[in-house]
Each structure stands twice: as C-alpha cells, then as structure tokens.
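Below is one structure; the comments refer to it alone.
All values reported here derive from a predicted model rather than from experimental measurement. What you see below is based on every heavy atom in this structure, not just the backbone, and it leaves out hydrogens, waters and symmetry mates.
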Amino acid sequence: MINPVRQDSLFSSLDDWCEQNRRELVEDIKALVRIPSISGEAADGAYPFGKPCAQVIDEAERIILKAGLDVKKSDYYGISAVYPGKTDERIGFFSHLDVVPPGEGWSSSPFEPEEREGYLIGRGAADNKGPAAAALYALKFFLDQGVKLRRGLFCFLGANEETGMADITHFLQTDDAPALALVADCGFPVCHGEKGILTADFTYPLPAGNLLGLEGGTASNMVPDY
C-alpha cells in the first residue's frame, strides 16, 4: 500500500509527528468527553439517539474538518472521516461516541475531563472517545505526510454502540462494507475481544415479605457503582 522508497522515512517521522500533535489530540478528546452523549430516545425527528448524541457528532465533524479530512454524514446515526485511496477498495475503522451513564462516586466531574498522573479522567475517555480520536488522527497522519494509499481509509464514528448498535445497521443500509474493518475500541490493539453480555430477567417465587429489595448500577452494560 505504501511506496517502499518512502516507507522507512515515513515511519521514522511517526514519533515526531505524534509528539507534535499530542496536545491537539488530547484537547480534541476532551472536547468530545465534555458532551454527555448517553444514547437515548429520538428527539426533534432528526436526532435518532437524542440531542446529546447529535451534539457529539457535530463536534466530531468539527474535528474531522479541522484535520483536513473529508466528511460523510449518516443522518446523526454516525459520521465518517474519509481519506480517499487510488482504488474503490477501503479499509474502515469503526468506533463510537456514545457512553454509558456516569453513575455516582466520581472524585471529579465525569463530563469535565481532567488530566491526572498521565491519564485523562472522564466518562468515555477510554470507551470510546479516546480511541475514536486516535483513529481519526491515524487518517490525519497519512494526509499530513502526503501518502497516497491504494485503498482508501475511513473512520466511522457511531452513536448507538452501548444500547443496540442501530448505528451500524444504518451504516450497512446506506454504505458498502469495507474490504477490511478494524474496531478501535477501548484497549485496542491490546484487547482483541470482549466478554459477552447477557441481559435477562430472573424470576423465583419467594414468600411474601422475605425480600425487601435488590438493585445495583444504572445500566446493564456498565460496571455498577453500587
């Protein structure tokens, strides 16, 4: 995919490029984390997952355009950053910008990101706004270096991964699947898979008055805070 004459010089410049763009990347992640994009009910007809998810997609569009990449909108189900290649074949990065509810017990505001001991603390910083921004910057690197790839690259940022993945269904209904897909989520590339999730109702007859109550957390796919 990469011209072999330029390959060594290209990757020798990667560390310098990362350092030069590090602060901008951190600030872009912060801008995304500040938006409480908990996927919810449709709003105003145009926002299938509610206004906060629409706001985070608008912020992603600002970041994509600032990077100089092309934008492809997906009716607020998501948005794509696009770096065209020499052929119609494409490699796709898939990430998401919706988050689970923050829960209680935070030592700082969950939607006001804070840098602490080399970490960025905030709801969604790791899952999945940080990896989503990093994938965007991978496309920006090739653009900044002027590298022409045989296959085009795109990064799709959805808004419904946490509560149903209707964003991916919509993508496949309105766009072609890529030749290769990479899911840049959470601990990627160290984490190659995740445990399954079972959402179910368990019932058992109990004598009246023996159970006062049982509860924990606020969503089935988050670590419960109580």
Side-chain angles (χ1 to χ4, degrees), residues 1-35 56-97 113 115 118 120 124-126 128-159 161 167-168 171-172 174-192:
M1 291 178 63
I2 301 171
N3 186 335
V5 177
R6 292 201 55 208
Q7 185 167 334
D8 291 341
S9 61
L10 175 67
F11 289 106
S12 65
S13 67
L14 179 57
D15 287 343
D16 290 340
W17 184 91
C18 288
E19 189 58 36
Q20 291 166 6
N21 288 270
R22 176 185 175 85
R23 176 44 50 186
E24 186 178 7
L25 170 60
V26 170
E27 294 303 321
D28 284 341
I29 297 172
K30 285 182 176 180
L32 295 170
V33 171
R34 288 189 182 101
I35 301 171
V56 81
I57 289 174
D58 286 340
E59 182 61 25
E61 181 179 9
R62 182 193 68 79
I63 294 170
I64 294 168
L65 292 174
K66 175 170 64 75
L69 297 163
D70 295 337
V71 169
K72 184 172 183 179
K73 299 182 181 182
S74 296
D75 305 319
Y76 282 107
Y77 282 81
I79 192 167
S80 295
V82 179
Y83 184 56
K86 296 178 181 178
T87 69
D88 291 335
E89 278 195 321
R90 303 179 302 160
I91 295 174
F93 293 89
F94 288 85
S95 298
H96 66 93
L97 298 176
E115 294 182 56
L120 188 59
N128 185 53
K129 294 174 179 180
L136 286 177
Y137 271 65
L139 274 62
K140 174 177 165 58
F141 171 74
F142 287 113
L143 175 66
D144 288 353
Q145 298 297 311
V147 177
K148 299 299 182 182
L149 301 173
R150 180 158 63 90
R151 296 176 178 86
L153 303 176
F154 72 88
C155 180
F156 176 76
L157 308 176
E161 191 268 357
D167 48 357
I168 297 298
F171 175 87
L172 293 173
T174 57
D175 205 339
D176 295 328
L180 175 68
L182 299 171
V183 179
D185 194 351
C186 207
F188 175 86
V190 176
C191 176
H192 288 276

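- When every heavy atom of Ile79 is checked against every heavy atom of Ala60, the shortest pair comes out as CG2-CB, 4.0 Å.
- Residues Tyr137 and Asp28 are in side-chain contact: their nearest non-hydrogen atoms beyond the backbone lie under 4.5 Å apart.
- Separation of atoms OH (Tyr77) and CG (Asp167) is listed at 9.5 Å; rounding is to 0.5 Å.
- Under the 3.5 Å distance criterion, the side-chain polar atoms of Asn128 are matched with a main-chain donor or acceptor of Ala184.
- Here the side chain of Arg90 pairs a donor or acceptor atom with the backbone of Asp176 at under 3.5 angstrom.
- Within the 4.5 Å cutoff, no side-chain heavy atoms of Arg22 are placed close to those of Leu25.
- Ring orientation note: the planes of Phe171 and Phe156 are tilted relative to one another, at an angle of 30° to 60°.
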From CA spacing to verdict: salt bridge (Lys or Arg N to Asp or Glu O under 4.0 Å), Arg62, Glu27
CA-CA 13 Å; Arg62 182 193 68 79; Glu27 294 303 321; over 6 Å; no
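- Using a 4.5 Å cut-off on side-chain heavy atoms (C-beta onward), Asp58 and Tyr76 make contact.
- Counting heavy atoms from C-beta outward, Pro178 and Phe94 have side chains that approach closer than 4.5 Å.
- A perpendicular orientation is assigned to the rings of Trp17 and Phe141, their planes being inclined by more than 60° (bins at 30° and 60°).
- Between Lys66 and Glu24, some side-chain heavy-atom pair lies under the 4.5 Å cut-off.
- The heavy-atom pair separating Leu139 from Phe154 by the smallest distance is CD2-CA, 4.0 Å.
- A pairwise comparison of heavy atoms in Leu97 and Lys129 identifies O-CE, 3.1 Å as the closest pair.
- Taking a 6.0 Å sphere around NZ of Lys73, one finds it holds 12 or fewer heavy atoms contributed by other residues, nucleotides or ligands.
- A distance of 8.5 Å separates CD1 in Ile57 from CG in Leu157, rounded to the nearest 0.5 Å.
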